[in-house]
Amino acid sequence: MSEGALRLAAGGERAAYALVALLALAVRVIGLGDRPLSGAEAGGAWMAWRAAVGAGLPAEAFSCAASPLVMGLQWGLFSLGLAGDLAARLPVAVMGSALALLPALLRRGPGDVSALAAAALLAGDPLLVAESRRAEGPMPAVFLAALALACATRARWAGPRWMSGAVVCAGLLLVSGREAWPLLGLVAVLAAVAGVHRVPRPPGLAGALLAAALLGGTALLAEPAFLGGVSASLAAWAVGCAEAAPGAASWTVLARREAVPLALVACAAALGGWRAWRRSSVAVLSAGGFGLLLALSADTARTGAVVVVASLVWLAGVSVAHLQEAAVRVVSRRGRLPAFVTAGAAVLAVSFFGIVAGALRPERPGTSGPVASRLAADLARLGWERAGDPTELAVEVVSPSGPDPAVAWTLRRQRRIRFVTAPGVAASPVPVVVSPADDPHAPGLAQTHLGSRYGGLVLWVPR
Amino acid sequence: VTAVLRWYVVVQVLGALALPLAFTLFRRLPDRGYFQAKALGVLGQGLLLWLGVSYGLVRNDVGGALLATAALAALAWAWGRDAFRPRPGEPSLWRWLREHALMALAAEVLFLAAFAAWAFVRAHDAAADHTERPMDLLFLGGIHGSPTYPPRDPWLSGHAISYYYLGYWLLNALALLSGEPPEVAFNVGQACWLGLLLLGSCGVGYDLLRLDGARPSLALGAGLLSAAAVGLSGNPQGTLDVLQREGLDLRALAGERTLRNFTPPDDHWWWWRASRVLQDRDAGGAPVEVIDEFPAFSYVVGDAHPHLLAMPFVLLAVGLALALSLAAREERVFPAGRVADALAVLVPWGVRGVAVLAIVVGSLVPLNTWDFPAAAFLVLLAALAGTRGAGWSPRLRTEVIVALGAALAALPALVFLPYFLTAQSQVQGLQPNLLHPTPLAHLLLMFAPLLLAVVVLLAVGPGGDVSHARHVWRDLGIGVAGGLVVLAALAALASPEARRQWLETPFTLILLASLLAAAVGQALRAQGAARRFALLLAVVGLLLALGPELAWLRDSFGTRMNTVFKLYSQAWILLGLAGAHGLAAAYRTGGAPRLASAVAGALLLSGLLYTGAAVHSVAGGFRSPSPTLDALAYLATAAPEEREAIDWVRRHTAAGDLVLQGVGASYQAADGRISVATGRPTLLGWEGHELQWRGAAFGAMAAGRADAARAIYQAADRTLLEGVLQAWDVRYVYVGPAERERYGVDAAAEQRLGEVMDLVFSRGSVRLYRRRGAAA
């Protein structure tokens, strides 16, 4: 711990972290299933769902946006009967929440209060919350990379068994999706900066790495086919991924949203806080710089932005101790407690006022919106009316370039659904057809079916 | 140029990753495996990708290729670390490289020069529009478009490739890493493979002469001679054809069986005849085609066939055998009696090293199965030689050889199980050769310079010693006697007409048998490790040349054509290596042997005349205004509408979508063209070739496909059409010039197609229809 850093009572500290964890989980999970999955999110979720119900994986078109690790966790939830939008997003939300607790592992460096402040800021950061509420994206990779680094750093003073933990995290990182690959170099560099190479290595690290990757990438060996997603993710990183969601918001928007950590860092810098950063500045600035580099590359803009913001928030947390020391010098002994409480409450209020509201309704590029849910509900109703079972309606979805994952996920409960290149010519019974609004077969369908518009889709019901 | 550069960088990276492994695996060789490292890296990375895909661990995509490369790096780190922390008294890899900078530089220059020069040649003859090039490109495209196991055969939808496809897989792996499409990989890959072949040959030649104590520069010369003999030189028929084209009249030399060999060749593809030196006759006296390719011809013709794609790895196996043969020379340790201990002395890394050896040699099974028995036999012979003089008990030696043999049989069977699961074969058994003795003139027009070089090897002992001549004569006598016995047996078994043929043309059998006996005798008595190994190469090479005289594998051709083809091309490589060493060793001794070496060497190198002239001819005098490495670029002018259709199919269809094309006739580039260019499957492509690849299994696999294609194209009845489209899960129907001609597709048929399918592409006479209701 740095000299002069505040120490908290153990019980109080635990309670504070529990509160942070609860808060982090709450802002990530509340309303998580309100909106249907976007196309990028649905790619992996649909495959995990197919695996969970024994429908087989579409080997030809492994979603390049999918993470084998997240798919494995989704598979576990779906197998327990929790197949829904919330369950699909829950694994990433939990990882995003856990990210907020990482400062607890590293509090020896900046001090208890700084670590706790960083945890609180991480728990409520708008970008991190938004990224945690998506079933795809960089959050699992960033979390595992950060956890691996935290374990490796902690191994320096807490014993080599933490190295095993770091290696297990690195193994899981390998199977956490395409966003993991650019982070491997960052992890290696930062681990070297943190002096990990001087830590005695316990035996069997290579085996632990492989085992973690194998178990994490196959849902504990239950779905070996998920492992194919590892090379698909590497290919997606190397040559691009058409299914990926668009990049992060512009830097201006990000700067506005990250006003709190930016202000904290600026204040600390103005008060000579760089002295307080000394211990971790190399690692943090390297991470931020690396993230910036990633963010400048179009393919990894989201990953880069998350890394930059996470680094910034950590730096802001570290700055708190220095700000507190500076405040001690100007506030009388009697007034300190009220002053700290007021300042803390103000910071938290400012942070969470906008954050919580924004986090609950983050941008979801490519989401199919409530229209898709309405289509699913109407199909279920039709099934009930025409086939006596909401899942037994014969449905053809026109999708010439392969099944659209968002539609496939939304309509996953329809057992007799077929994705076709064009409406069939002679089927009995005549199926209900779902086609793009601009499908060239629309005039032909209009002669035999009644069409209803659902956003960009048309539901054609036989007359 | 960019494509070549990218490919070159990838191969260099793989070679660098494999170098620590090669440094340890070949540690007994003077070059420490430097010449073999690139081939080892290419094979290692490709095999790891293939295994990963076959066992479902990775997908056949860029990511999978990168992971396989990472796995190769991990292996190099785990097993090759000793290269950087050597045993006391041994140099580290870095120090060794500094000390052998000239050798390393020469190797790099040779590889780069061969690669670049052949890429230049391929750029002037790139089109996959003749011979069996479409077939080779098809396999490459089929593999490229198969994300999971097994690799698809685009000419027989729903089935895996049934051919020696690992060579295409290796090309695909490099294409993934370098970002080249199959049609470019087809040509760049051949250039790279020539570089690897010459590098491997040069390495063996270099090692052999260095082991004899020659200085490095002379050994490099020997290496270059080996490379020229193996990979660049043509056969005497080719040289004579060049001279006959220039007006030299050799008709006076012609006999009854050699009339065509001594008449001037046709202007068109005059270089082709060098691969058809032999010509058998059927019972009625009619000519029967026999193929007798040699490496330079295979490269000139430009088909990326398995025997060509396997060549660098045959050289890798030869290098491993050479390293094995040196065990006794270095290790005079008497093992404790356990086979595992003995294997650890024989092979670096012990049992693990044996596994690597077995897998590298075993990879010849899916590369070109014909190469495996000879390579495995050579390895076992080398192990026998390697354990000789090591002070081991005969029982231990026997146990070691049996263990090695068992590993060579069992491990490839296990590791390559996914390959065997999808392989069919046309082989119907072994047939004694009762009808077709090879005339001696044919043999000499094929192998004379190599056989002469082998004679020099046999005649000139270590240090120019010719005192062993009496042994040689005795062995030759034994060989002649043995040959006569075999001849009598064959004549006794043969029909009267065939017996007459055998009695009229006995000399090939007798010559090869006598040389074989002399080589065996010399190998048993040889003292020097290099000479002994060169003699082992000669033994196996002569056996391969002798093989088709005695028996052939019965296949769908019904002749020994394929047996001669496959065995002769291996024999060329082994005799080339043995002969080149014989010439280099004789040259080094000075005096009369040097003179003999110079004469035989000049004869050997005269074969370069053929290769140079043939290359100039196939490249059209290098006058192409727009050289390209794209094997499909010719379509832009030859069939622009089809080219557009190909682009459409690539953009809008999934890799597994069945795009129906007309059933094709072999060697017709326009048939099955969409499958060739895109890897998308059709019902049935080149029918005759599918039959060759699948033998007896073909009938059941192809049943109904030709009829289905006809029913769809003629579209006589809408209901029938719908039924057939659905039954075969046809997603797209392609109507191009070949289909119009074969099936007479008329307006009425197209109208009916349009009733049940959507017209999704139309340019000129080319149409593409998509079935409605097909699963997306």
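Throughout, protein chains are lettered first and strands after them, A, B, ... in sequence-line order, and every chain is numbered starting at 1.
Note: A:Ala232 leads A:Ser233, A:Ala232, A:Pro440 in heavy-atom pairs under 4.5 Å with chain B.
Contact annotation for residues 209-228 of chain A against chain B (heavy-atom separation below 4.5 Å, listed by residue number): A:Pro224, A:Leu227, A:Gly228.
For the side-chain contact (heavy atoms from CB on, under 4.5 Å) with A:Ser231, the qualifying choice from B:Leu49, B:Leu66, B:Asp61 is B:Asp61, the only one to do so.
Residues B:Val62 and A:Ala238 approach most closely at CG1-CB, 3.9 Å, considering heavy atoms.
Rounded to the nearest 0.5 Å, atoms CE (B:Met757) and OG1 (A:Thr421) are 8.5 Å apart.
Using a 4.5 Å cut-off between heavy atoms, B:Arg771 touches chain A through its backbone atoms (N, CA, C, O) alone.
At most 12 heavy atoms of other shown residues, nucleotides or ligands fall within 6.0 angstrom of atom CZ in A:Arg201.
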